[in-house]
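Reading through the structure tokens given below for one structure.
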Amino acid sequence: KQEVTQIPAALSVPEGENLVLNCSFTDSAIYNLQWFRQDPGKGLTSLLLIQSSQREQTSGRLNASLDKSSGRSTLYIAASQPGDSATYLCAGSGGGADGLTFGKGTHLIIQP
Amino acid sequence: NAGVTQTPKFRVLKTGQSMTLLCAQDMNHEYMYWYRQDPGMGLRLIHYSVGEGTTAKGEVPDGYNVSRLKKQNFLLGLESAAPSQTSVYFCASSYWEGGTEAFFGQGTRLTVV
């Protein structure tokens, strides 16, 4: 059974810093990995999807990488802003129909 | 431009009452999912559907039933609510299994007293 772990559970950094959020998974047969953002009391907003054949995806100031052999994915946020404050979730899919396996998230605070 | 819409957004139930949560998607997705999110537990899959008329159990299906009578709708039912079902419920959909992006609704916050 796939297990997904996110470290750290919480992170607070000053505005303007570049930062990396980590996600590890136990089953290297992962089919794809998706990063989400969740604001307090809100739903999940998809940020990036990395297919198993890809190594990374970029969207604006966000870059996500996937290394299946080491069981790791990272989300890089460049030039962080207070508006980036949220909980970031990673989730892996085994390629079947039975949905995503989620990590517990990293709660990110960007200090103005 | 609605995406995935959940109804209702908030609900308080008394123990033993029943209710149905509605999820509607307008993206013509085949796959739909119901998750619950609890503090310290992350999101866990309750039930899912791979197409109209089909349903299957996820990780935590006990106490819930689902139906997918129309492709765009996925209903989650609680027949006899228990305090342990207090949670935030999220519906999601995707075009096909695993390989494509999943889109989530805004959630339903359910409290059972």
Chain A contact via B:Q6 - which portion, at a heavy-atom distance below 4.5 Å: neither
Interface moiety of A:L48 toward chain B, non-hydrogen atoms closer than 4.5 Å: neither
A:L47-A:I50 co-clustered via ILVMFWY side chain contacts under 4.5 Å: yes
A:R61, CZ atom: more than 12 neighbouring heavy atoms under 6.0 Å: yes
ILVMFWY cluster, B:M19 and B:L22 together (side-chain gap under 4.5 Å): no
Verify same cluster id: B:Y31, B:Y35 (apolar side-chain graph, 4.5 Å): yes
Region of A:Q38 in contact with chain B, defined by heavy-atom distances below 4.5 Å: side chain
Most chain A-contacting option - heavy-atom pairs closer than 4.5 Å, from B:Q37, B:E30, B:M41, B:R44: B:Q37
With B:K57 via salt bridge (Lys or Arg N to Asp or Glu O under 4.0 Å) - residues at least two apart: none
Exceeds 12 heavy-atom contacts within 6.0 angstrom, atom CD of A:Q54: yes
Joint hydrophobic cluster, A:W35 plus A:L62, side-chain heavy atoms closer than 4.5 Å: yes
Heavy-atom pair with the smallest gap, counting every atom of A:L100 and B:A102: CD1-CB, 3.9 Å
The single option from B:F103, B:F104, B:F90 passing ring-ring contact (aromatic ring centres under 6.0 Å, His included) against A:F36: B:F104
Max heavy-atom pair count under 4.5 Å with chain B, selected residue of A:G105, A:S46, A:G41, A:G103: A:S46
Main-chain N/O of B:G42 paired to A:K104 side chain as donor or acceptor, under 3.5 Å: no
B:Y89 reachable from B:V60 in the ILVMFWY side-chain graph, under 4.5 Å edges: yes
Members of residues 106-113 of chain B whose heavy atoms come closer than 4.5 Å to chain A: B:Q106, B:R109
Contacting moiety of B:L43, where chain A heavy atoms sit under 4.5 Å: both
OG1 on A:T101 to CD on B:E59, rounded to 0.5 Å: 7.5 Å
